[in-house]
Engineer: 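Got a structure for you, written out below as structure tokens; questions coming shortly.
Starting from 1, each residue takes its place in the sequence as its number. Bear in mind the structure is a predicted one, so any value in this text is a computation, not a measurement.
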Amino acid sequence: MYDESLQESLDNILKESEIAVRQGTTQLILTDKTVSKEKIAIPMLLCVGAINNHLIKNKLRGYVSINAQAGEVLDTHSFATLLGVGATTINPYLALDSLHQRYEKKLFGKFNYEECI
């Protein structure tokens with residue numbers, strides 16, 4: 001188990017992000033896929049916003065994209081708020097998996113996937 005507070009964890013992420021950008025990283029990928037009983041997720045909105053603001057203050061934001069891979073993104077409001085606080089791209093993996101499962105169970109009625117391609 002980790003004994004870090006939310007603030008300490010966020011401070012570490014900010015330091016790591018700044019170091020990565022200064023070393024030439026052009027893509028930051030933030031994910032909550034590794035959540036477990038021992039390792040809880042920082043809310044993606046908080047994390048993206050903090051990193052975005054930190055990089056702006058250090059005049060580094062224009063050098064990197066912030067990519068959010070988040071299970072908590074389930075509706076248009078979640079997309080809008082993440083984009084609003086600085087996310088460049090969003091991968092709503094849980095929403096996509098849910099849609100795929102619904103399609104597999106034929107819950108969309110006469111929907112034909114091949115007609116959409």
Engineer: Picking from R102, Q101, H100, K106, what satisfies side chain to side chain contact (heavy atoms under 4.5 Å, CB included) with E104?
Structural biologist: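 Of R102, Q101, H100, K106, side chain to side chain contact (heavy atoms under 4.5 Å, CB included) with E104 is met by H100 alone.
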
Engineer: If I compare all heavy atoms of E4 with all of E8, which pair ends up nearest, and what's the gap?
Structural biologist: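 Taking every non-hydrogen atom into account, CA-OE1, 3.3 Å.
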
Engineer: Do the side chains of L6 and L14 join up, straight or via other hydrophobic residues, at under 4.5 Å, putting them in one cluster?
Structural biologist: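 Per the 4.5 Å side-chain linkage, L6 and L14 are co-clustered.
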
Engineer: Is a side-chain N or O of N91 found less than 3.5 angstrom from the main chain of Y93, in a donor-acceptor match?
Structural biologist: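 Yes, the answer is positive, given that a donor and an acceptor are paired below the 3.5 Å cut-off.
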
Engineer: Looking only at heavy atoms, what is the nearest atom pair of S17 and I51, with distance?
Structural biologist: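 S17 and I51 have their closest heavy atoms at OG-CD1, 3.6 Å.
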
Engineer: Just by distance, no angles: are the side chains of N12 and S9 close enough, under 3.5 Å, to form a donor-acceptor pair?
Structural biologist: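 Judged by distance alone, the side chains do not pair up.
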
Engineer: Mind listing the side-chain donor-acceptor pairs of residues 40-48 below 3.5 Å, one per line with the distance, residues two or more places apart or on another chain?
Structural biologist:
none

Engineer: Taking all atoms of both residues into account, what is the closest heavy-atom pair of G71 and L94, and its distance?
Structural biologist: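 G71 and L94 have their closest heavy atoms at O-CD2, 3.4 Å.
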
Engineer: Output yes when a side-chain donor or acceptor of T25 lies under 3.5 Å from a complementary backbone atom of A20, and no otherwise.
Structural biologist: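 Yes, T25 side chain to A20 backbone: donor-acceptor pair under 3.5 Å.
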
Engineer: Mind checking the CD1-CG spacing from I13 to L28? Nearest 0.5 Å is all I need.
Structural biologist: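 If I round to the nearest 0.5 Å, the distance is 11.0 Å.
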
Engineer: Can you name the side-chain contact (heavy atoms from CB on, under 4.5 Å) partners of T34, sequence neighbours left out?
Structural biologist: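 With sequence neighbours excluded, T34 shows a side-chain contact (heavy atoms from CB on, under 4.5 Å) to K39, given in chain and number order.
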
Engineer: Can you confirm whether the side chains of D32 and Q69 place a donor and an acceptor under 3.5 Å from each other?
Structural biologist: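 There is no such pair between these side chains.
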
Engineer: Assigning hydrophobic clusters by single linkage (Ile, Leu, Val, Met, Phe, Trp, Tyr; side-chain heavy-atom cutoff under 4.5 Å), is L74 placed with L99?
Structural biologist: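 Hydrophobic grouping puts L74 apart from L99.
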
Engineer: Between the side chain of T89 and the main-chain N/O of N67, is any donor-acceptor distance below 3.5 Å?
Structural biologist: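 Not confirmed, T89 side chain does not pair with N67 backbone.
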
Engineer: Using the salt bridge (Lys or Arg N to Asp or Glu O under 4.0 Å) rule, collect all pairs that involve residues 9-31, keeping only residues at least two apart or in two chains.
Structural biologist: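 Every salt bridge (Lys or Arg N to Asp or Glu O under 4.0 Å) pair that includes a residue of residues 9-31, provided the two are not neighbours, is E18-R22.
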
